[in-house]
Number of protein chains: 2
Amino acid sequence: MAQSDTVDRILDAAEVLFAERGFSETSLRMITSKAKVNLAAVNYHFGSKNALIHAVFARFLTPYSATLEESFDELESKSEGRVPTLDRILWALAESAARMPQRNERGISIFMRLLGLAYTQSQGHLRKFLEQEYSEPFGRFMRLLKEATPELSAVDRYWRIQFMLGATAFTMSSSDALIGILETKIGVETSVQEIAARLVPFLAAGMKAPDKMQITPPA
Amino acid sequence: MAQSDTVDRILDAAEVLFAERGFSETSLRMITSKAKVNLAAVNYHFGSKNALIHAVFARFLTPYSATLEESFDELESKSEGRVPTLDRILWALAESAARMPQRNERGISIFMRLLGLAYTQSQGHLRKFLEQEYSEPFGRFMRLLKEATPELSAVDRYWRIQFMLGATAFTMSSSDALIGILETKIGVETSVQEIAARLVPFLAAGMKAPDKMQITPPA
DNA sequence: AACCGTTTCAAACGTATGTTTGAAACAAAC
DNA sequence: GTTTGTTTCAAACATACGTTTGAAACGGTT
């Protein structure tokens, strides 16, 4: 109960607040008061606010990247020799996220939202941290993608990967809000899993799209 | 020279800094020192920092939405009666951006980056401002999209539009950085127009993708 | 040249932030 | 039961922020 209680409560509170409001817009006082711990606890246990941000990411990204490695292993072992298809690679990502031990039902959407924020909010320290901490699974994902789309030039592939990342990070980072809008407008409830089920075919189709357009608009 | 000079210098500096660092991370002191005007000038001319943010958006979004309306008019008049295709609708957006009078060659990428930030950074006041100021062209775009994808259910269309927005906002919001990475890694120079030329087919293919995937992963 | 509305300026205001401090509370070890 | 290392706590620190102020400078009008 002693240390880990305070540490976990800070992480829990920070995770939710960061996901709701972003990093700069969330103060340590908000976090500590939500977590019902003393203000100084963050600096005592983590050292700094930036270190707390890293810890929040590490807490879910480390298990996720482990699960992901397993999924990739499985993927490669199943398709003996032949390259896994694009759909299956993308699906492995989604499935790994869904399979992860969740603290609660909002876990996945917080997870997604944070990932989106990591890409969008231009926090240099975070990007550096993530790059050097999780370069391995990321590199492996890139390698798989390359094998699954041999018809693309390096440049085309590069841009289309960015498009995929964007669609994913953006959608997931506002998944809660988007789900809410859809519910009030059309009256349909949606889970994060369903979003993923719609996103994967969209991305796969985009990656396999015919050539780039002429610079001049279609006549 | 008198008023407009100071006002424009503030807008120019704010635009660049907001695009580089985001809104919360950019202070009025950074802006005024870059613009070489007195700190109080922002509050004198605009009233508040939030109002300055609105002014920055209005300065490029108002001409853009006007250009866009023309493009849409043209699009609808050309295809007498028949519905414009998805590619052409999307291309109208890109072309309107390219056709706009630019203050300099970095104009488009700043424009894109700001649009991306508007979506990503959860600034309530900005979203409200944009919604009530530019609801008309946005609504028209949505209507065109609906006509161009009659095969989609309302729910499918809703999500796929989000995916498109995400890919676009995200890519464009970091277009500068992404172009730089590509140049150092593969040694290829890229213009924003070329990104658009790659993005449009990607999006169109995604929108026209076959049905959503089963919730259970492909066996 | 005197006036007047507008704009600039240096300085200050109040508030919020991340971080540090030093004492108090606590828990385990001897 | 005292000691020791760890954790909590209230308070303060230094700094940065958006905003306000009141006087000075400016520019056109009469």
Tell me whether the side-chain N/O atoms of [X] come closer than 4.0 Å to OP1 or OP2 in [N].
| X | N | answer |
| --- | --- | --- |
| B:Thr6 | C:dT8 | yes |
| B:Asn43 | D:dG18 | no |
| B:His45 | C:dT6 | no |
| B:Ser27 | D:dA16 | no |
| B:Asn38 | C:dT7 | no |

Cationic N near anionic O, under 4.0 Å, B:Asp156 to B:Arg160:
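B:Arg160 and B:Asp156: not salt-bridged.
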Before accepting this row, confirm whether a basic side-chain N of the pair A:Glu20/A:Arg113 lies closer than 4.0 Å to the acidic partner's carboxylate O.
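No, this pair does not count.
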Give me the ring orientation class for A:His125 and A:His54: parallel if the planes are under 30° apart, tilted from 30 to 60°, perpendicular past 60°.
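Geometry flag for A:His54 against A:His125: tilted rings.
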Parallel, tilted or perpendicular: rings of B:Phe141 and B:Phe72 (30°, 60°)
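Correct class here is parallel.
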Separation of [X] atom [atom1] from [N] atom [atom2], in whole Å?
| X | N | atom1 | atom2 | answer |
| --- | --- | --- | --- | --- |
| B:Lys49 | D:dA16 | NZ | C1' | 11 Å |
| A:Lys36 | D:dA10 | NZ | C1' | 19 Å |
| A:Asp8 | D:dT7 | CG | P | 13 Å |
| B:Arg21 | D:dC17 | CZ | P | 9 Å |
| A:Glu25 | D:dC17 | CD | P | 14 Å |
| A:Asp5 | C:dA27 | CG | P | 13 Å |
| B:Tyr44 | D:dT20 | OH | P | 14 Å |
| B:Leu39 | C:dT7 | CG | P | 18 Å |

Which nucleotide in D:dT7, D:dA12, D:dT20 has an atom nearest any side-chain atom of A:Arg29:
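Per side-chain heavy atoms of A:Arg29, the pick is D:dA12.
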Earlier contact from the 5' end, DNA chain C, for A:Met30 and A:Gly47:
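Checking each residue's closest nucleotide, the 5'-ward one belongs to A:Met30.
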Could you check whether A:Thr26 gets within reach of a base, just the sugar-phosphate, or nothing at all, counting any heavy atom under 4.0 Å?
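Contact class for A:Thr26: sugar-phosphate only.
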Base, sugar-phosphate, or nothing for A:Ala40, non-hydrogen atoms under 4.0 angstrom?
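Touches a base.
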Pair B:Phe170 and A:Phe170, ring centroids less than 6.0 Å apart
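No; A:Phe170 has its ring centre 6.0 Å or more from that of B:Phe170.
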